[in-house]
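Report on the structure given below.
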Amino acid sequence: MNDNPYRQIPSVAKLLVHPALAAVQQRVPVSLLTESIRAELDAARVAMADFNLDDLLTRIARRATDAQRLRYCPVINATGIVLHTNLGRAPMAESAAQAAYNAARGYLALELDLATGERSSRQNPIRAAVARLTGADSATVVNNCAAATVIALRTLAAGKEVIVSRGQLIEIGGSFRIPEIMTVSGATLREVGTTNITRLRDYEAAIGPNTAALMRVHCSNYRVRGFTESVSIEDLATLGAKHGIPVIDDVGSGSVFAFESEPTIAAGIAAGADLTLFSGDKLFGGPQCGIIAGRQKWIEAIERNPFMRAVRCDKMTLAALEATLALYRDQPLDSIPTLRMLALPLAELRRRSETFAERLRSLPGVTVEVRDDESFAGGGSLPDQAFPTVVIAVCVEGMAESLLATRLRTGTPAVMARIKEGLVCFDLRTVFVEQQDELFAATKSAIE
Ligand SMILES: *Cc1c(COP(=O)(O)O)cnc(C)c1O
């Protein structure tokens with residue numbers, strides 16, 4: 001150690017062809033490997049006293065392999081939360097995923113009428129299907145429900161007032177807050193009523209020459225309880241019709257079926273809402289998009305708005321949406337994963353959980369218990385409706401639950417579990433049957 005101590009650290013050039021990294025050199029592009037080597041060399045120079053070549057090589061191999069991994073990797077969702085926003089919300093039906101895949105890989109009749117050879121609107125294939133499903137005259141689709149809200153407000157109410165109840169000034173999370181959405185739309189929010197009580201006459205008193213729309217926003221992620229009153233969409237639509245003012249109904253998740261307290265999409269349209277807006281990837285169970293269903297004249301106005309171009313959907317989304325809409329014609333409860341998972345009978349979930357728990361018990365040091373628990377739908381739907389579920393609580397001897405959870409999350413495939421009362425819990429409601437073997441293997445490797 002008389003020499004310059006940095007001498008023992010090999011150069012980037014030497015490491016790039018080091019035989020101990022042969023496997024990595026084959027798999028990882030040179031640029032990525034060089035970056036990984038540089039990063040590890042920097043770290044090694046800082047911790048000079050502990051330098052060890054084998055350690056360095058191991059760390060380079062690990063870093064390069066990790067750097068090459070795609071970050072949008074699949075995750076087994078064992079949280080039981082069906083619409084988990086951080087995990088991509090609704091998993092799509094097989095046929096919808098296939099449609100997106102086919103659209104992605106090749107050419108398709110996106111804006112082309114094959115019968116005439118003429119150019120057509122990319123909205124046409126979904127328009128009729130949404131209309132049929134919701135009872136609306138017409139429909140159009142944009143990137144998500146936030147975009148649907150912005151373009152509807154911009155088209156109907158830019159420079160004018162939109163009346164909204166103070167009880168419905170929601171924040172969805174991220175940056176969707178009604179007052180701010182109103183501002184970016186160029187419309188002026190006219191608040192009426194109070195947090196807990198808004199009556200029809202509050203809306204009526206606020207109507208003036210500058211009123212462009214009445215808007216109802218579904219309180220999708222909270223409830224106002226106790227001494228409360230709000231105006232039904234029927235009454236709001238009647239009031240709008242009386243004054244010739246359109247009514248916009250942002251139902252957020254919305255649901256095709258009567259589902260607990262979620263508003264059904266068709267009900268608002270039947271009640272006379274001029275435009276109903278809902279997300280494609282919440283309870284609807286399709287791709288991320290925002291569906292606008294309503295009167296033809298407003299749909300046409302929205303499609304003519306130059307802003308439409310900024311929020312239109314891509315070919316994969318439209319293909320997946322068309323396939324999802326097709327499933328709604330026949331047996332949607334069996335074919336749409338979101339609906340199937342939410343409707344999974346407790347007895348069946350318990351049976352699956354017991355069988356899976358028995359497998360886990362074969363692992364060394366593992367204690368397993370099947371318990372009753374509660375879950376939520378997630379994704380801004382049914383906020384206060386905990387529904388009964390069954391979980392498998394897993395305890396590994398000598399391993400803290402946080403370590404087990406971390407190992408599961410960082411394994412391959414990644415597993416997101418729920419932690420409750422110091423135990424890692426698997427809720428198989430959101431684990432596809434065909435993923436169970438993978439979940440077992442992932443658990444096995446996490447405890448080794
Ligand atoms: C979720 C939600 C939105 C936003 O929908 P995205 O599809 O996530 O953009 C808007 N309004 C309501 C009422 C919602 O619940």
Side-chain angles (χ1 to χ4, degrees), residues 81-92 126 130 139-154 156-157 162 164-185 187 189 198 213-224 230-231 233 236 247-256 259-265 267-269 273 275-294 302 307-308 310-314 317-318 320-321 324 338 342 376-385:
I81 297 170
V82 175
L83 297 169
H84 199 303
T85 298
N86 304 148
L87 297 180
R89 287 200 187 149
M92 285 194 268
I126 55 89
V130 174
T140 196
V141 185
V142 293
N143 192 43
N144 52 23
C145 193
T149 312
V150 172
I151 197 163
L153 289 170
R154 277 186 88 90
L156 274 62
V162 178
V164 186
S165 158
R166 288 197 170 88
Q168 298 173 358
L169 299 178
I170 61 165
E171 169 173 324
I172 293 296
S175 53
F176 190 91
R177 309 174 96 194
I178 291 297
E180 283 149 44
I181 287 290
M182 205 61 84
T183 305
V184 300
S185 308
L189 172 63
T198 304
L214 309 178
M215 180 154 96
R216 183 195 57 167
V217 186
H218 175 50
C219 303
S220 46
N221 53 6
Y222 70 99
R223 291 286 181 264
V224 180
S230 60
V231 175
I233 189 68
L236 211 54
V247 174
I248 303 172
D249 190 17
D250 174 8
V251 296
S253 178
S255 174
V256 171
F259 197 82
E260 309 281 336
S261 65
E262 274 310 306
T264 67
I265 298 155
I269 290 167
L275 288 175
T276 295
L277 323 175
F278 61 100
S279 295
D281 58 348
K282 292 187 182 171
L283 286 176
F284 189 74
Q288 179 194 302
C289 60
I291 299 167
I292 308 176
I302 286 171
F307 192 67
M308 185 69 179
V311 293
R312 74 178 187 185
C313 293
D314 64 275
T317 302
L318 290 168
L321 177 61
T324 306
T338 308
L342 284 168
F376 291 89
S381 53
L382 312 170
D384 58 353
Q385 256 143 42

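We count ligands from 1, going down the list as the structure has it; atoms in each ligand are counted the same way.
For ligand 1, the atoms sitting less than 4.0 Å from at least one non-hydrogen atom of F176 are 10 (C), 11 (N), numbered in the order shown with element in parentheses. Under a 4.0 Å criterion applied to the non-hydrogen atoms of S279, ligand 1 contributes the atoms 5 (O), 6 (P), 7 (O). For ligand 1, the atoms lying closer than 4.0 Å to a non-hydrogen atom of H218 are 13 (C).
Summarising the geometry, atom CG belonging to L153 is positioned 8.5 Å from atom CD1 belonging to I181; distances are rounded to the nearest 0.5 Å. For the atom pair I178 CD1 and R166 CZ, the distance stands at 15.0 Å (nearest 0.5 Å).
What sits closest to atom 12 (C) of ligand 1 on the protein, heavy atoms only, is G252 CA, 3.3 Å.
The closest approach between I170 and ligand 1 falls below 4.0 Å for a heavy atom of the residue. Using a 4.0 Å heavy-atom cutoff, D250 is listed among the residues neighbouring ligand 1. Distances shorter than 4.0 angstrom occur between a heavy atom of R89 and an atom of ligand 1.
Checked by atom type and distance alone, the side chain of Q288 pairs as donor or acceptor with a backbone atom of N143 at under 3.5 Å. Using modelled atom types, one side-chain atom of R154 and one backbone atom of V184 make a donor-acceptor pair closer than 3.5 Å. A donor-acceptor pair under 3.5 Å links the side-chain atoms of N221 to the main chain of E171, judged by distance alone. When atom types are taken as modelled, the side chain of S253 and the backbone of L283 share a donor-acceptor pair closer than 3.5 angstrom.
Compare A146, C145, S220 by their heavy atoms: the one nearest to atom 15 (O) of ligand 1 is in S220. For the residues Q288, K282, Q168, the heavy atom positioned nearest atom 1 (C) of ligand 1 is part of K282.
Between D249 and the choices L277, T276, V217, L214, the side chain to side chain contact (heavy atoms under 4.5 Å, CB included) rule is met once, by T276.
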